[in-house]
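These notes concern the structure reproduced below.
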2 protein chains.
Amino acid sequence: MQKIEKLLESKNIRVTAMRLLIYKFLAEKQIAVTLSDIENAFEKADRTTLYRTVKTFEEKDIVHQIDDGTGITKYALCENGCNCEIERDLHLHFHCNNCNETVCLTEHKIPQIKVPDGFVSENVNLVVKGICDKCSGQ
Amino acid sequence: MQKIEKLLESKNIRVTAMRLLIYKFLAEKQIAVTLSDIENAFEKADRTTLYRTVKTFEEKDIVHQIDDGTGITKYALCENGCNCEIERDLHLHFHCNNCNETVCLTEHKIPQIKVPDGFVSENVNLVVKGICDKCSGQ
DNA sequence: AATATCAATGCAATGGAAGTGCAATTACTG
DNA sequence: CAGTAATTGCACTTCCATTGCATTGATATT
């Protein structure tokens with residue numbers, strides 16, 4: 001618990017009750033969550049606060065944004081080998097068409113993508129869609 | 001010009017002036033366009049009509065949708081080796097962070113993506129971001 | 001401990017994109 | 001040419017993202 005406070009301090013953002021709660025919520029979830037998910041979990045809090053908290057986390061590389069093609073932005077903690085700061089580009093996400101959940105497959109590296117001459121690759125967003133392990137009955 | 005009519009007929013959708021114009025517009029553009037782009041090009045026409053026309057094209061595999069991470073859905077014609085019908089999944093798109101344009105790199109194949117056991121991959125969306133050939137001064 | 005300062009929060013409102021219902025119009029069929 | 005079905009235009013709604021401003025809360029200084 002102290003660990004979260006240390007983390008926030010190391011990122012130079014103030015430690016508040018709200019931020020601790022939201023961080024904990026994200027940490028408990030193993031999947032990427034939408035703002036609505038967070039809203040539902042903290043009905044007492046204001047949407048804007050949650051929004052700005054997540055945005056702050058994003059700026060400070062505490063969470064990263066995921067665009068899984070559902071049209072709704074999702075967020076997930078930058079840990080478990082995510083290494084946003086170092087290789088902030090190689091995001092591999094899996095979106096389940098059945099349960100609609102999106103998970104980060106951080107342990108699976110993205111193969112090198114070749115682009116034509118004249119193009120400069122700075123960043124890769126890769127979303128694989130299909131059926132996740134839970135839904136495939138496995 | 002007759003070619004477009006033939007195409008529409010072969011897809012079993014009616015040939016209308018609107019559809020011919022929108023198709024021509026998409027064909028002229030070498031990049032993926034948003035609904036707003038189309039709106040700006042056809043200011044006399046109604047948003048809804050344009051929206052539904054594109055949706056119809058999408059259903060009939062005349063255009064495909066692109067989610068390049070800008071949060072706004074883009075569309076591009078399914079030609080030049082796109083082969084939506086056959087391998088409707090292997091979309092490689094390049095989004096330029098400078099000019100904000102998105103192009104289809106259909107000639108560049110996506111390498112095989114491995115997913116963990118229990119996950120079933122049905123579909124892959126890959127967007128590479130960076131600087132395009134026009135903007136790199138090349 | 002009181003206060004000044006700046007950040008964080010809550011409320012209200014806005015904007016943009018996506019989507020729907022319905023009436024009017026247009027295209028095809030016989 | 002009439003009838004049917006699809007297409008178009010208008011109005012409206014919904015949902016998510018975002019901003020302005022006043023208020024509350026936290027940190028630093030005295």
Side-chain angles (χ1 to χ4, degrees), chain A residues 2 4-25 32-60 62-76 95 100 102, chain B residues 2 4-25 32-60 62-76 95 100 102:
Chain A
Q2 300 283 63
I4 305 178
E5 301 190 14
K6 290 250 171 65
L7 173 69
L8 294 182
E9 280 167 9
S10 76
K11 300 284 187 177
N12 284 320
I13 59 174
R14 288 191 182 163
V15 178
T16 66
M18 204 73 260
R19 287 175 177 166
L20 290 174
L21 285 171
I22 294 177
Y23 188 97
K24 268 186 64 183
F25 175 75
V33 299
T34 65
L35 216 51
S36 299
D37 292 336
I38 303 177
E39 266 180 70
N40 293 336
F42 300 97
E43 293 189 337
K44 319 141 204 164
D46 186 75
R47 214 178 284 187
T48 314
T49 304
L50 303 173
Y51 170 75
R52 284 198 257 236
T53 301
V54 172
K55 283 291 168 194
T56 303
F57 282 2
E58 198 188 346
E59 277 172 24
K60 301 295 182 179
I62 296 172
V63 305
H64 66 265
Q65 203 174 328
I66 301 168
D67 178 7
D68 63 5
T70 53
I72 302 162
T73 305
K74 295 186 178 179
Y75 302 91
H95 176 75
N100 211 34
T102 300
Chain B
Q2 298 285 61
I4 306 178
E5 300 189 16
K6 289 248 172 65
L7 173 68
L8 294 183
E9 279 167 11
S10 76
K11 300 285 189 179
N12 284 320
I13 60 175
R14 289 193 181 164
V15 178
T16 66
M18 204 72 260
R19 287 175 179 167
L20 290 174
L21 285 171
I22 295 178
Y23 189 96
K24 267 186 65 182
F25 176 75
V33 299
T34 65
L35 218 49
S36 300
D37 292 335
I38 303 178
E39 267 179 70
N40 294 335
F42 301 96
E43 293 189 337
K44 320 143 205 165
D46 188 74
R47 213 177 285 183
T48 316
T49 304
L50 303 172
Y51 170 74
R52 286 198 258 235
T53 300
V54 172
K55 282 294 169 192
T56 303
F57 282 3
E58 198 189 346
E59 277 173 22
K60 301 295 181 177
I62 296 173
V63 305
H64 66 265
Q65 203 174 327
I66 300 168
D67 178 9
D68 64 4
T70 54
I72 302 164
T73 306
K74 295 186 177 176
Y75 302 91
H95 177 75
N100 210 36
T102 300

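Side chains included, hydrogens not; waters and symmetry mates left out as well; all remaining heavy atoms used. Naming convention: chains lettered A, B, ... in sequence-line order (proteins, then strands); numbering from 1 in each chain. On a predicted model such as this, the values are computed, not experimentally measured, just so you know.
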Protein and nucleotides 3-8 of chain C: nitrogen or oxygen contacts under 3.5 angstrom:
unit_1	atom_1	unit_2	atom_2	d
C:dA7	O4'	A:R14	NH1	3.1
C:dA7	O4'	A:R14	NH2	3.4
C:dA8	OP1	A:R19	NH1	2.7
C:dA8	OP1	A:R19	NH2	3.0
C:dA8	O5'	A:R19	NH2	3.3

Quiz item: Taking protein heavy atoms under 4.0 Å as touching, what does nucleotides 17-25 of chain C look like 5' to 3' if B marks base contact, S marks sugar-phosphate-only contact and - marks none?
Solution: SSSBBB---

Considering all heavy atoms of both residues, which atom of [X] and which atom of [Y] are nearest to each other, and what is their separation?
X	Y	result
B:Y75	B:K55	OH-NZ, 3.7 Å
B:K74	B:N100	NZ-O, 3.2 Å
A:D67	B:G69	OD2-CA, 2.9 Å
B:I66	B:A32	CD1-CB, 3.4 Å
B:E5	B:L20	CG-CD2, 3.9 Å
A:T53	A:I22	CG2-CD1, 3.6 Å

Practice problem: Go through DNA chain D in 5' to 3' direction and return only the first and the last nucleotide with some atom under 4.0 Å of chain B's heavy atoms. | Solution: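 Range of nucleotides touched by chain B: D:dA5 to D:dA11.
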
Quiz item: Should B:K11 and B:F57 be marked as a side-chain contact (heavy atoms from CB on, under 4.5 Å) after you check the CA-CA gap, both sets of side-chain angles, and the distance that decides it?
Solution: CA-CA 9 Å; B:K11 300 285 189 179; B:F57 282 3; over 6 Å; no

Quiz item: What residues, two or more places apart in sequence or in another chain, satisfy side-chain hydrogen bond (donor to acceptor under 3.5 Å, both in side chains) together with B:R47?
Solution: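 Here the qualifying residues are B:E39.
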
Self-check item: By side-chain hydrogen bond (donor to acceptor under 3.5 Å, both in side chains) - contacts of A:D37 (at least two apart)
Solution: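 Only A:T34 meet the side-chain hydrogen bond (donor to acceptor under 3.5 Å, both in side chains) criterion with A:D37.
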
Practice problem: Could you provide the dot-bracket string of DNA chain D, using ( ) for intrastrand pairs, [ ] for crossing pairs and | for bases paired to another strand, with Watson-Crick or G-U pairs below 3.5 Å? | Solution: ||||||||||||||||||||||||||||||

Practice problem: Check each of A:I13, A:L7, A:L8 against A:K60 using the side-chain contact (heavy atoms from CB on, under 4.5 Å) test, and report the only one that passes. | Solution: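 Result: among A:I13, A:L7, A:L8, A:I13 is the only option passing the side-chain contact (heavy atoms from CB on, under 4.5 Å) with A:K60.
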
